[in-house]
Amino acid sequence: MLNIFIVFMLCLSFGCIFFAIDCFRDNSKKYKKPANIIYGIAMLSAGLIMITIFGFSTTELGSPWLIFISILISFYLYFFFSKTKIWKNRLKAKKPIEEGFNSILGLTGLGIVLFGLGHILFAIFVWLKDGVWKTISLGYWFNLGKFDTGFIGLNKILNFIVLDISATLPLVALGFFIYAASRDY
């Protein structure tokens, strides 16, 4: 069972690398955006990280042949399966699925924005109750202490973002970016 999982994850990592290559070599004017480059870099990074993690685990298990099998499966799916009739008919159901996914993503983004606004209302409630303005940060919610990474500048930045500023700004920004990603412009 573990071997099947490792083969699946290696196939997924090779698929991420193939998707990154497609993002970098996309020549169409319709989809040529900086987002393609960002997606390509993210997919390439994810693929390389997964190959590193699961590739080393295959050598520790004593079965490096899993890498070869996953490469063969990935090449088949990328080069041969894409030319079959099943793959070519997939676009008939794409529009409703895409619209449904975009609406779910948009509602998630709006929910995170509303959670951030509710967070500031909670901070106002605590202020009215105690009489002292208390910054409720991400570190407060997750019981985090001071960061010690070994780099003084990085420690100051992380401690400021996570422990010193209110969690409202990161939540609203994250929700807005998720909501904006779901819209077609």
Side-chain angles (χ1 to χ4, degrees), residues 5-6 8-27 31-61 67 70 74 101-102 104-185:
F5 176 73
I6 290 175
F8 175 75
M9 293 307 290
L10 284 172
C11 288
L12 187 64
S13 61
F14 289 124
C16 288
I17 291 175
F18 287 142
F19 180 73
I21 292 169
D22 282 345
C23 286
F24 291 138
R25 69 182 175 115
D26 186 18
N27 294 328
Y31 297 110
K32 193 65 172 177
K33 298 178 185 176
N36 263 0
I37 296 171
I38 294 170
Y39 291 151
I41 291 170
M43 287 293 119
L44 184 64
S45 302
L48 291 176
I49 288 170
M50 286 195 302
I51 285 175
T52 303
I53 292 170
F54 294 105
F56 284 131
S57 66
T58 59
T59 56
E60 289 177 11
L61 290 174
I67 297 174
S70 58
S74 300
F101 179 74
N102 283 343
I104 289 171
L105 193 64
L107 288 174
T108 303
L110 286 177
I112 293 173
V113 168
L114 290 176
F115 187 74
L117 296 176
H119 180 268
I120 196 72
L121 292 175
F122 178 71
I124 291 171
F125 172 74
V126 169
W127 173 56
L128 291 174
K129 180 180 162 196
D130 295 339
V132 177
W133 182 262
K134 182 176 183 177
T135 301
I136 303 173
S137 63
L138 292 173
Y140 174 80
W141 289 111
F142 297 113
N143 294 328
L144 298 175
K146 294 271 185 189
F147 289 99
D148 186 21
T149 60
F151 298 100
I152 297 171
L154 184 62
N155 289 343
K156 288 185 178 189
I157 292 170
L158 285 175
N159 288 329
F160 177 73
I161 291 173
V162 176
L163 300 174
D164 295 337
I165 64 172
S166 176
T168 302
L169 182 65
L171 288 173
V172 170
L174 176 69
F176 176 74
F177 286 131
I178 291 174
Y179 176 76
S182 70
R183 300 290 131 213
D184 292 330
Y185 295 109

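What you see below is based on every heavy atom in this structure, not just the backbone, and it leaves out hydrogens, waters and symmetry mates.
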| said: Check whether Asn159 reaches the backbone of Phe147 with its side chain - one donor and one acceptor, N or O, closer than 3.5 Å. | reply: yes
| said: Ignoring hydrogens, what is the shortest heavy-atom contact between Ser70 and Leu10? Give both atom names and the distance. | reply: OG-CB, 3.4 Å
| Are there more than 12 heavy atoms of other residues, nucleotides or ligands under 6.0 Å from atom CG of Leu128? | yes
| remark: The residue among Leu174, Thr168, Val172, Leu171 that forms side-chain contact (heavy atoms from CB on, under 4.5 Å) with Phe115 is Leu171
| note | Of all heavy-atom pairs linking Phe14 and Ile67, the shortest is CE1-O, 4.4 Å
| query | Taking all non-hydrogen atoms of both residues, which atom of Leu48 and which atom of Thr52 are closest, and how far apart? | reply | O-OG1, 2.7 Å
| said: What's the separation between atom CG in Leu154 and atom CD1 in Ile152, rounded to the nearest 0.5 Å? | reply: 11.0 Å
| request: Quick one: closest heavy-atom pair of Ala20 and Gly40, and the distance? | output: CB-O, 3.2 Å
| said: Would you say CZ of Phe18 has more than 12 non-hydrogen atoms from neighbouring residues, nucleotides or ligands within 6.0 angstrom? | reply: yes
| query | What pair of heavy atoms forms the shortest contact from Leu110 to Tyr179, and how long is it? | reply | CG-CD1, 3.7 Å
| How long is the gap from CD1 on Ile112 to CD1 on Ile178, to the nearest 0.5 Å? | 4.0 Å
| request: Would you please test Ser13 and Phe54 for side-chain contact (heavy atoms from CB on, under 4.5 Å) and show each step? | output: CA-CA 9 Å; Ser13 61; Phe54 294 105; over 6 Å; no
| query | Would you call Ile51 and Ile17 a side-chain contact if the rule is heavy atoms closer than 4.5 Å? | reply | yes
| query | Of the non-hydrogen atoms in Cys16 and Met50, which two are nearest, and what is the gap between them? | reply | SG-CE, 3.9 Å
